[in-house]
Structure formats: structure tokens, C-alpha cells
Participant: 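Here it is, the structure in full.
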Number of protein chains: 2
Amino acid sequence: MSVPSGSRARTRQAILDAAIEVLARNPAASLGDVAEAADVGRTTLHRYFPERGDLIAALRAEATARLDRAGDRARLGEGPGGTALVRLCQEYFDLGDVLSLLFREQVEDEAGSCDEDFDAMVRRGHADGSIDPELPPVWVQNLVWSQLYAGWSYQSEHGASRHDALRLVLRCVSGAVRPQP
Amino acid sequence: MSVPSGSRARTRQAILDAAIEVLARNPAASLGDVAEAADVGRTTLHRYFPERGDLIAALRAEATARLDRAGDRARLGEGPGGTALVRLCQEYFDLGDVLSLLFREQVEDEAGSCDEDFDAMVRRGHADGSIDPELPPVWVQNLVWSQLYAGWSYQSEHGASRHDALRLVLRCVSGAVRPQP
DNA sequence: CCAGAACGGAACAGTGGTGTTCCATTGCGG
DNA sequence: CCGCAATGGAACACCACTGTTCCGTTCTGG
């Protein structure tokens, strides 16, 4: 069972990866497009994800899993709030397609309810003076997401390098949340 | 000709308004949905816009027209670059659905090629010290759009008042472009 | 009041995506 | 080498949207 599981898990992951890439660029892409991008027959895709909803559910799970791992790496609990926020942006930035996929699919799970750790981080920033107290945590979350999306599109549509895009994102995010004189 | 034109123009506008509202929330909405929102039979819609492409073309024209008017009202040529930028954000903010429609449809016409007046405004800001010289005009444009989208979604998804959303947008945009100490 | 414009509804064929079934082929472990 | 798992391709019915035609109804100006 574990032997075929190796093969099964591999193709399943290939389908998910392809789906992330394809659906990030065009949320209305057909399953045929996804299958083709995954180098897999449409039949095989249906074998793993019987309905379209099953695929996007798995996609959502995969995306939030990556998101959580990125959140862990950012160590939101350490250092000043503003510094932790910048670390989080760095980690999120590398999620690439996953980012815009979640952004376009309007994932309220993460963006709406505002993660607990994120909330605590922003409030800590309010207290230690590294984040403007007038900015609610939810707003900061919105801010981060839209900035990351801007950076992503700056990269993909204006041929900017990853380094430049990331630099601009971090600069503008930190500038936006910094308390005003 | 001008007499029926009164009725025709009115219906046409009603369809366009409804299309903006519906397609802003769901770019994949059917023409039936648009017609229903416009209180118009699907037949009538096809009478004004034979194909879907005709509708979105007219939509694009309508949107850019409103965008241009907003740009004129902002008087991009007056005052410091940073101040003019804030004025532009205020004007754009009130475009509401048009904004997110253009944002989601990836209108490169305006967002990509970077309007000439906008470009001049940013460069003036670079010179007069109100906009960080490290931020390219195209990036500032991306920044503005993503911030406005954030403000729009903050309004519609978190029940924030127009006033609060606008205030946060302006605060964060001006903070993001301000030269860093 | 009357003629023409504007409109709405029904019906139709065409299209593309979807989900399913069946069968042939490939690959890998026992 | 054999058998099972995994896959790919073809064919199929189904469905929603689209674009079109036709006809009856309503509105409006002359």
C-alpha cells in the first residue's frame, strides 16, 4: 500500500502544483488546462479529484498549509511588531503563485478572520511604537496582502527582478505602518 | 432620432451601470445576471451589445472615461507631487465598483503603460522631496491601485465606513511613498 | 388615437466545460 | 514472467451560457 502510495502521492502533488500555477493566472481555467499543465490525462485528474470542487478544496488546504509554514518561519512572536511584520512579508513573498491564488479566490479564512498570532503581533507593534496605533490589525492584514499582490504583479507584468520587487514591497509596507510624525 | 435616443441612451446606461456592479463582484457572471440586475430582458441586452465582447468593450470605455474625469479633478499638475498623489487617491476612491472592475480585469491601458500626467507627477514628487526617489512611477501606480483595492474590500467585507476606509488608504499611501529617514 | 419604436419572453441550435464509463497500455513489484 | 496498480485516450450524455429568431406587448410621440 505504501509503495503505490509513493506514486499516487507524487502525481497528486504534481496536479496540485500545476493547478496552483494555472489557476493563479486564470481562475476560470478548465480542468483540461490543469491536466495538461500537470502532464496528466484529464481522466487521471478526475481519478484524484472527482469534481472540480474537490480540487479547489485540496488546493485551498495546500495553500493554507504553505501559508501556515511561512507564518511559522516568520516567528511572529519575536522582536518588535513592525519587524515581525516585515519578516512575515518576506516569507509570504516567496509563496508566489499561491499568494495570488489565495488573493483572487478571496480566501476569507485567513484574510478575513485575521489570524490570532497576526493580531497579537500588530497589537504588540501598537504598544512598542513600531506600528501606527490607528491601524487596526485587520487593516494591516489587508494592507500586506494587497502590497504583496502589487509586488507580484510588478514582477510578472513589468519584468522586475524578485529582489527589486521584494525591496519595494518591504519598503512601502514598513513605511505605511510606521507611526506618522 | 434624438427622441428615441433619450430612451435608448437611458437603457444603455442602465445596462452599463448594472454590468459594472455585477462584473465587479464576479467577473465570470453570465449575461443573464447582468440583464436581471439591469431590470432588462436578455434580448434587450443583446440588442444593445450583440456579443459579450461588445459589452465589456463598452464597459472598458465607460470605466476609463470615469477614470479620466477623476484624474482631471485631481489636478495632477498642481502642488507637490505627494499632495497631488493623495488628491488622486481621493478621487479614485469614489469610483467604487469601477475600481475593482478595472483592477480585476487587469486593465493594462491605464495601470501598465502608466499615464503620462501620473508619471510627471511622481517625478515632480521625486524632485520636491515629497515622494521617495527610489520608487519608480510604475511602482507607485501599482501601489495606489492595490491600496485602493484594499480599501474597497475593507469597506465591503468588513463593514467599514467609507470615511474610515478612505482615511486609512490615504494615511498608508502617503506613508508608503514618503522618503524614509 | 395610431404607428412605430422599444421591450420581454419563448424557443432554438451551437459551444465548451464537466463528469462518467470503458478499454488499451505502461510500469513496477513479487 | 505474471498480475495488479496506475495511467491515457476516446466516446458519451449533461448542462450552462451564448447568440439568434420570432412574435406578442407596452410605451410614446405626433
Side-chain angles (χ1 to χ4, degrees), chain A residues 1-63 97 100-102 104-107, chain B residues 1-63 97 100-101 104-106:
Chain A
M1 197 207 295
S2 67
V3 177
S5 167
S7 175
R8 283 194 68 84
R10 211 175 317 133
T11 45
R12 184 189 148 95
Q13 195 57 45
I15 293 176
L16 284 181
D17 290 342
I20 288 176
E21 183 181 338
V22 170
L23 294 180
R25 301 182 196 286
N26 174 23
S30 73
L31 297 184
D33 295 337
V34 175
E36 187 181 10
D39 251 324
V40 154
R42 196 167 65 92
T43 307
T44 301
L45 192 152
H46 277 293
R47 229 187 299 271
Y48 284 82
F49 308 99
E51 299 184 6
R52 180 180 246 269
D54 297 328
L55 175 61
I56 70 165
L59 221 52
R60 181 177 299 257
E62 170 77 11
D97 286 336
S100 66
L101 180 68
L102 289 173
R104 298 174 97 122
E105 294 268 349
Q106 299 156 351
V107 176
Chain B
M1 198 208 298
S2 68
V3 177
S5 169
S7 175
R8 284 194 66 85
R10 212 175 317 132
T11 314
R12 183 189 148 93
Q13 194 59 44
I15 294 177
L16 283 181
D17 289 342
I20 288 176
E21 183 181 340
V22 171
L23 294 180
R25 301 182 197 283
N26 175 23
S30 72
L31 296 183
D33 294 337
V34 174
E36 187 182 9
D39 252 324
V40 154
R42 195 166 66 91
T43 307
T44 301
L45 192 150
H46 278 293
R47 208 169 272 134
Y48 284 82
F49 308 98
E51 299 185 5
R52 181 182 247 268
D54 298 327
L55 175 61
I56 71 164
L59 219 54
R60 182 177 298 258
E62 170 77 11
D97 285 337
S100 65
L101 180 69
R104 298 174 96 124
E105 294 269 347
Q106 298 156 353

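To find a chain, count down the sequence lines: A is the first, B the second, and so on, and within it residues start at 1. Given the structure is predicted, the values throughout are model-derived calculations rather than measurements.
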Participant: Would you say A:Y48 reaches D:dA6's phosphate, i.e. side-chain N/O to OP1/OP2 under 4.0 Å?
Facilitator: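 False: A:Y48 side-chain N/O out of range (4.0 Å or more) of D:dA6 OP1/OP2.
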
Participant: Which residues pass the salt bridge (Lys or Arg N to Asp or Glu O under 4.0 Å) test with A:D33, not counting sequence neighbours?
Facilitator: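 Result, salt bridge (Lys or Arg N to Asp or Glu O under 4.0 Å) vs A:D33: none returned.
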
Participant: Of the listed nucleotides (D:dA6, C:dC7, D:dG8), which one gets closest to any side-chain atom of A:T43?
Facilitator: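 Out of D:dA6, C:dC7, D:dG8, the nucleotide with an atom closest to A:T43's side chain is D:dG8.
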
Participant: Hey, does A:D54 reach any base, or is it just sugar-phosphate, or nothing, if we go heavy atoms under 4.0 Å?
Facilitator: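 It contacts nothing in the nucleic acid.
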
Participant: For B:T11 and for A:G53, find the nucleotide of DNA chain C with the closest heavy atom, then tell me which residue's nucleotide is more 5'.
Facilitator: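 The answer here is B:T11.
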
Participant: Could you go over nucleotides 15-18 of chain C and give all protein N or O partners under 3.5 Å, atom names and distances?
Facilitator:
from	atom 1	to	atom 2	distance (Å)
C:dT18	OP1	A:R52	NE	2.8
C:dT18	OP1	A:R52	NH2	3.3
C:dT18	OP2	A:L31	N	2.8

Participant: Are B:L16 and B:R12 packed together at the side-chain level, in the sense that at least one heavy-atom pair is separated by less than 4.5 angstrom?
Facilitator: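 A side-chain contact exists here, since the closest heavy-atom pair is under 4.5 Å.
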
Participant: With sequence neighbours excluded, what pairs up with A:E62 under the salt bridge (Lys or Arg N to Asp or Glu O under 4.0 Å) test?
Facilitator: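 With neighbours one apart ignored, the set is A:R66.
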
Participant: Just verifying a value: how many Å separate B:L101 CG and B:E21 CD, rounded to the nearest 0.5 Å?
Facilitator: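 Between atom CG of B:L101 and atom CD of B:E21 there are 11.5 Å.
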
Participant: Report the distance from atom CZ of B:R10 to atom C1' of C:dA6, rounded to the nearest whole Å.
Facilitator: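 Atom CZ in B:R10 sits about 11 Å away from atom C1' in C:dA6.
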
Participant: Let me confirm one number: the CG-CG distance from B:L23 to B:L31, rounded to the nearest 0.5 Å.
Facilitator: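 Taking CG in B:L23 and CG in B:L31, the distance rounds to 8.5 Å.
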
Participant: List the atom pairs, with distances to 0.1 Å, where a side-chain N or O of residues 38-52 of chain A and a protein N or O form a donor-acceptor pair under 3.5 Å, not counting sequence neighbours.
Facilitator:
from	atom 1	to	atom 2	distance (Å)
A:H46	ND1	A:P50	O	3.1
A:Y48	OH	A:T11	OG1	2.6
A:R52	NH2	A:A29	O	2.3

Participant: In whole angstroms, how far is the C1' atom of D:dC17 from the CZ atom of B:F49?
Facilitator: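 About 19 Å, once rounded to whole Å.
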
Participant: When the distance from CG of B:L45 to C1' of C:dG9 is rounded to whole Å, what number comes out?
Facilitator: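 Result: 15 Å.
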
Participant: Can you tell me how far C1' of D:dA5 sits from CZ of A:R47, to the nearest Å?
Facilitator: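 Atom-to-atom, A:R47 to D:dA5, this comes out as 10 Å.
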
Participant: When the distance from CZ of B:R8 to P of C:dG4 is rounded to whole Å, what number comes out?
Facilitator: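 The distance from CZ of B:R8 to P of C:dG4 comes to 18 Å, rounded to the nearest Å.
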
